[in-house]
J.: 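I have a structure here, written as structure tokens, and I will follow up with some questions on it.
Order of the sequence lines sets the chain letters (A, B, ...), proteins ahead of strands, with each chain counted from 1.
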Amino acid sequence: MLRRLMQSTGVLFVMSLLVFFGVYAIGNPVDILVNPNADQQDIARAIAELGLDQPLYLQYWHFLTSALSGDLGRSFSTGIPALELIFQRMPATLELAAASMAIAIVLGIPLGLYAGLRPDSKIAKGIMAGSILGFSLPTFWVGLMLIMVFSVWLGWLPPTGRGDTVELLGVQVSFLTLDGWSHLLLPATNLALFNLALLIRLTRAGTREVMVQDYIRFARAKGLSDSRIIGVHVLKNIMIPIVTIVGLEFGSVIAFAVVTESIFAWPGMGKLLIDSINQLDRPVIVAYVLLIVLMFVLINLVVDVLYSLLDPRIRLADAGGAR
Amino acid sequence: MSAANASGRPPLLQVEGLVTVFPTRNGLLRAVDGVDFTLERGEILGLVGESGSGKSVTGFSILGLVDPPGRITGGRVLLDGVDLATLDERARRAIRGKRIAMIFQDPMMTLNPVLRIDTQMIEAVTAHESVGTAQARDRARAALVQVGIAAPDERLLAYPHQLSGGMRQRVAIAIALVNRPDLIIADEPTTALDVTIQGQILYEMQALVRESGTALVWITHDLSVVAGLADRVCVMYAGRIVEAGPVDTVLDAPRHPYTRGLIDSVPAMNPRGRPLAQIPGNTPSPIDLPPGCAFRARCGRAIERCVEMPALASPGDEGQGRRSARCWHPVPLPQATR
């Protein structure tokens, strides 16, 4: 556990270095932030205000010391603390990510099970062909098509925004209102497609592997019902890879909702990231990336704990040491 | 074969002309090709043969658990005179694990690795009877005690990987016994175990089925196991029974050349220092078997008539008990050879 924690700290440190210097290398934010008509003095003052007149290693040192006390700096463009900006946008992204994972799980596991149990049926072949599309069609194109069909042609669902939100535990959420749902459905579906395809294939492969095991045959010989065999004996065995993937993909979905959020103008973190990159707003970019890394570390931890719950052969101590 | 025994009841299990095939790329594989046998209540039958002789498939066919694309294409399996093929899936499921239980070869693979022993035992009870979990648990515990497992309460809470191979096979046997079935089909359950554990489990199984009056079909390739365990033996070759009868009769005076060869291949039967006896040639491919006796290519006693399939019939030694062999030119009785 301790080793795990140190590794994570190391990863965070390296990431902060890479992003900090990477963004510096891209360009000078002052060129974008300052009014094009400003004179040399104004520019110099702006540079000094943002602390960009100091040498890079000093800038990094300042960033690092204040980061350790929980301050990741203020946005260059708005002056609001970067973390605050991100946390404002986070609920929207989390909601979108959770909705898309829910769609992927609720549809993916049953479809994968079906395809695994009846691999030769026409429906199973249809499911598998569909999953290939889910893998290979680019997200942005599918997003555009969804808007085209459901918003433009059919006019069923709104193409952009979050819709009506309700405050739940101090956070604005969409999924409690009908209007919010209608706004959520298209972007969540768009984001879910890849993971839906992934879960279908994963579940199908796991099912086919488990179904030929002796313990399934033994369960049959005990006279158990099909629902018991599939619902308990098969599902519990294939849950281990599924939980891993769901965990990791949940992280990815949050981190890379960028494309979907841009297309559907969903006011989440991904949209914030794109805007920040356009303005070379370094504190926000760095804070975003570090937050995402932290999130991946935490998700991995949760996945390990779930493992030991699902698979009695894995003890938590081993899992901490082995990875 | 008589349809009824002395008490007027049909025998517990009747297998008549059972044919189980597996379609393969190279043709139809007739894994079981017309197997007949009868089993009375409480009787122990040894089903002996090499790998690929169809003995395990016979066991799975009785339970209706042949893996697709394999399927039963002929014959009947009657339990208490009822043809199992006429029952619907629900009724067949009610028989599996309740009236006919099965034990598998590899105890490392038969228990589900992610479920606790108690879960796997309790579900075997509740699948067939509407009893409470506590009561099912008591039954499971009693079954564990029955198969000689110490500290049963602790074992119930264990996962399979925490138990040794011998222990797991005992658990599998306990699961088979928990519903007090009329018949247990044991598919080489001791093959994967240490020799010492093998002996223990054999002895215990024999005691348990004798005590409870459970009939037992013991599938094995090991004649020495059958010698000490079974009442009757069926020797299988290439999907057919080639010799069947009381175990002492068949093993002391085999009439089919294949049985003879099998017995001679047991190393203990060979005088020390001589090369071990073996049956020449290989088991024939079970796909597209030529007509006639499948063993004739390897048989030292083959005659011209062997291109016709001999029937499983008494070889004309009625004094030797109800024994039958599938051979035109049977091995002479020992008295005649000396």
J.: Where does B/Leu111 contact chain A at under 4.5 Å (heavy atoms): side chain, backbone, both or neither?
T.: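 Its backbone and side chain both get close to chain A.
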J.: List the atom pairs, with distances to 0.1 Å, where a side-chain N or O of residues 110-123 of chain A and a protein N or O form a donor-acceptor pair under 3.5 Å, not counting sequence neighbours.
T.:
residue	atom	partner	partner atom	Å
A/Ser121	OG	A/Arg118	O	3.1
A/Ser121	OG	A/Ala124	N	3.2

J.: Here's one to test your reading of the geometry: is the NZ or CZ of B/Arg71 within 45 degrees of the ring axis of B/Phe22 and under 6.0 Å from its centre?
T.: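 Relative to the ring axis of B/Phe22, which defines the angle, B/Arg71 lies outside at least one limit.
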J.: Output, in order, the C-alpha distance, side-chain angles, deciding distance and verdict of side-chain contact (heavy atoms from CB on, under 4.5 Å) for B/Met102 and B/Ile62.
T.: CA-CA 10 Å; B/Met102 189 153 182; B/Ile62 293 170; over 6 Å; no
J.: Return the option, out of B/Gly97, B/Pro160, B/Ala127, with the maximum number of heavy-atom pairs under 4.5 Å with chain A.
T.: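 Option with the greatest count: B/Gly97.
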J.: Whether the A/Asp214 and B/Thr110 side chains hold a donor-acceptor pair (N or O, under 3.5 Å, no angle test) is what I'd like checked.
T.: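 Side chains of A/Asp214 and B/Thr110: no pair found under 3.5 Å.
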J.: Answer with side chain, backbone, both or neither: which region of B/Glu89 has an atom nearer than 4.5 Å to a non-hydrogen atom of chain A?
T.: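 Contact with chain A: none, neither part.
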J.: Scan side-chain atoms only and decide if B/Glu123 and B/His128 contain a donor-acceptor pair under the 3.5 Å cut-off.
T.: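 Distance-only check fails for B/Glu123 and B/His128.
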J.: Name the region of B/Ala172, side chain, backbone, both or neither, that has any atom closer than 4.5 Å to a heavy atom of chain A.
T.: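 For B/Ala172, the contact with chain A is made by backbone and side chain together.
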J.: Examine whether an atom of B/Ile175 lies under 4.5 Å from a heavy atom of chain A, and if so say whether it belongs to the side chain, the backbone or both; otherwise answer neither.
T.: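 Answer is side chain: those atoms of B/Ile175 sit under 4.5 Å from chain A.
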